[in-house]
Amino acid sequence: LIAAVQAGASTIEFDSPGGLLDEAMLGFAAMRTANVNTIVTGECASACTVLFLGGKERSILPTAKLGVHQWSSIEQPASETEAQELSGALVALFKKAGVSEEFFIAGTIAPTHSMHWLTMRELRNWGVVTT
């Protein structure tokens, strides 16, 4: 993703169940710096949503969906300090993207083993989509 952005990609399409949050945060920063647009063409869930928010202009196809849930550590449980630091970093990232704190709250309410699929109303009202 970062290589595509650095090579001049102007729009990135997403259809992904998610991935690693740290990597998604790096991708977010790269896309913001390059003023890349993002579009969800299928399913964009979990860490994919962080990548999607890196877009200057963000849109979702009518048949696509975007979902959030609680983040979790893969290797070992996060310490209380690590959890608070990551939460703060995510809130700052969402603010940079112009997204309401309601987006963060929706993610903290949905357990890691489930998904909150955002409605079009939530996507618009919370500033997740820009077009």
Side-chain angles (χ1 to χ4, degrees):
L1 173 73
I2 292 173
V5 170
Q6 291 173 340
S10 61
T11 301
I12 303 290
E13 296 181 6
F14 291 100
D15 183 5
S16 170
L20 300 174
L21 190 53
D22 289 344
E23 298 296 322
M25 293 170 81
L26 292 173
F28 170 93
M31 288 188 292
R32 294 297 285 187
T33 300
N35 291 317
V36 172
N37 297 323
T38 56
I39 183 168
V40 176
T41 59
E43 173 184 299
C44 181
S46 193
C48 179
T49 64
V50 173
L51 288 168
F52 172 70
L53 291 175
K56 178 180 177 183
E57 297 293 330
R58 301 182 297 265
S59 60
I60 296 179
L61 293 182
T63 56
K65 58 186 183 175
L66 190 135
V68 295
H69 65 151
Q70 296 172 359
W71 63 271
S72 63
S73 298
I74 294 174
E75 296 176 9
Q76 63 186 16
S79 71
E80 187 174 322
T81 299
E82 291 169 325
Q84 290 182 36
E85 288 173 347
L86 182 56
S87 293
L90 286 172
V91 169
L93 183 145
F94 298 154
K95 183 176 181 178
K96 189 180 288 186
V99 175
S100 167
E101 67 275 358
E102 295 296 324
F103 181 80
F104 177 79
I105 293 168
T108 64
I109 293 171
T112 57
H113 60 276
S114 71
M115 192 68 61
H116 173 75
W117 296 105
L118 281 75
T119 65
M120 192 50 73
R121 181 180 179 145
E122 289 170 331
L123 291 167
R124 287 187 187 115
N125 289 348
W126 298 348
V128 177
V129 293
T130 60
T131 59

Using a 3.5 Å distance criterion without hydrogens, assess whether the side chain of Glu122 forms a donor-acceptor pair with backbone atoms of Thr119. yes
Closest contact, heavy atoms only, Ala97 versus Phe28: CB-CE1, 4.0 Å
For Glu13, what residues pass the side-chain hydrogen bond (donor to acceptor under 3.5 Å, both in side chains) criterion, not counting sequence neighbours? none
Is the shortest side-chain heavy-atom distance between Val129 and Ser59 below 4.5 Å? no
Would you say the side chain of Ile60 lies within less than 4.5 Å of the side chain of Leu66, judging by non-hydrogen atoms? yes
Can you list everything that forms a side-chain hydrogen bond (donor to acceptor under 3.5 Å, both in side chains) with Ser79? Sequence neighbours excluded, please. Glu82
In short, Gly19 meets Ala47 closest at the heavy-atom pair O-CB, 3.5 Å
Quick one: which residue pairs count as a disulfide bond (SG atoms under 2.5 Å apart) with a foot in residues 90-127, not counting sequence neighbours? none
Quick check on the hydrophobic clustering: are Val99 and Phe14 connected, directly or via other members, by side-chain heavy-atom contacts under 4.5 Å? yes
Is there a side-chain contact between Thr38 and Leu51 in this structure, where contact means two heavy atoms from C-beta onward sitting under 4.5 Å apart? no
What pairs of residues pass the disulfide bond (SG atoms under 2.5 Å apart) test when at least one of them lies in residues 10-49, not counting sequence neighbours? Cys44-Cys48
Heavy atoms, side chains only, cut-off 4.5 Å: are Trp71 and Ser46 in contact? no
Heavy-atom closest pair, residues Val40 and Ala64: O-CB, 3.4 Å
side-chain contact (heavy atoms from CB on, under 4.5 Å), that's the test. Do Met31 and Ile2 meet it? Break it down for me. CA-CA 8 Å; Met31 288 188 292; Ile2 292 173; over 6 Å; no
Evaluation steps, side chain to side chain donor-acceptor pair (under 3.5 Å), between Thr130 and Glu57: CA-CA 6 Å; Thr130 60; Glu57 297 293 330; 3.1 Å; yes
Determine whether Met120 and Leu53 fall in the same hydrophobic cluster, where Ile, Leu, Val, Met, Phe, Trp and Tyr are linked whenever their side-chain heavy atoms lie under 4.5 Å apart. yes
Give the minimum heavy-atom separation between Gly55 and Arg32, together with the two atoms involved. O-NH1, 3.4 Å
Any pair with a residue in residues 88-131 that passes disulfide bond (SG atoms under 2.5 Å apart), sequence neighbours left out, goes on the list, sorted by first then second residue, please. none
Side chain Arg58, main chain Val128, donor-acceptor under 3.5 Å: yes
Could you grab the distance from atom CG of Leu1 to atom CG of Leu26, nearest 0.5 Å is fine? 10.5 Å
Main chain of Thr11, side chain of Asn37: is a donor-acceptor contact present, judged purely on distance under 3.5 Å? no
Just by modelled atom types, is the Ala29 backbone N or O under 3.5 Å from a matching donor or acceptor in the Thr33 side chain? yes
Would you kindly say whether Thr112 and Gln70 are connected by a side-chain donor-acceptor distance under 3.5 Å? no
If we ignore hydrogens and angles and just use 3.5 Å, is the side chain of Asp15 paired with the main-chain N or O of Glu43 as donor and acceptor? yes
Nearest heavy atoms of Ala110 and Val68, plus distance in Å: CB-O, 3.7 Å
For the residue pair His69 / Ser114, report whether a side-chain donor-acceptor contact shorter than 3.5 Å exists. no
Return each pair, listed once, that meets ring pair (Phe, Tyr, Trp, His ring centres under 6.0 Å) where at least one residue sits in residues 80-131; pairs must be two or more places apart or across chains. Phe94-Phe103
Taking the side chain as everything from C-beta on, heavy atoms only, tell me whether Met25 gets closer than 4.5 Å to Leu21. yes
I'd like to check Val36 versus Lys56 (side-chain heavy atoms, cut-off strictly below 4.5 Å). Are they in contact? no
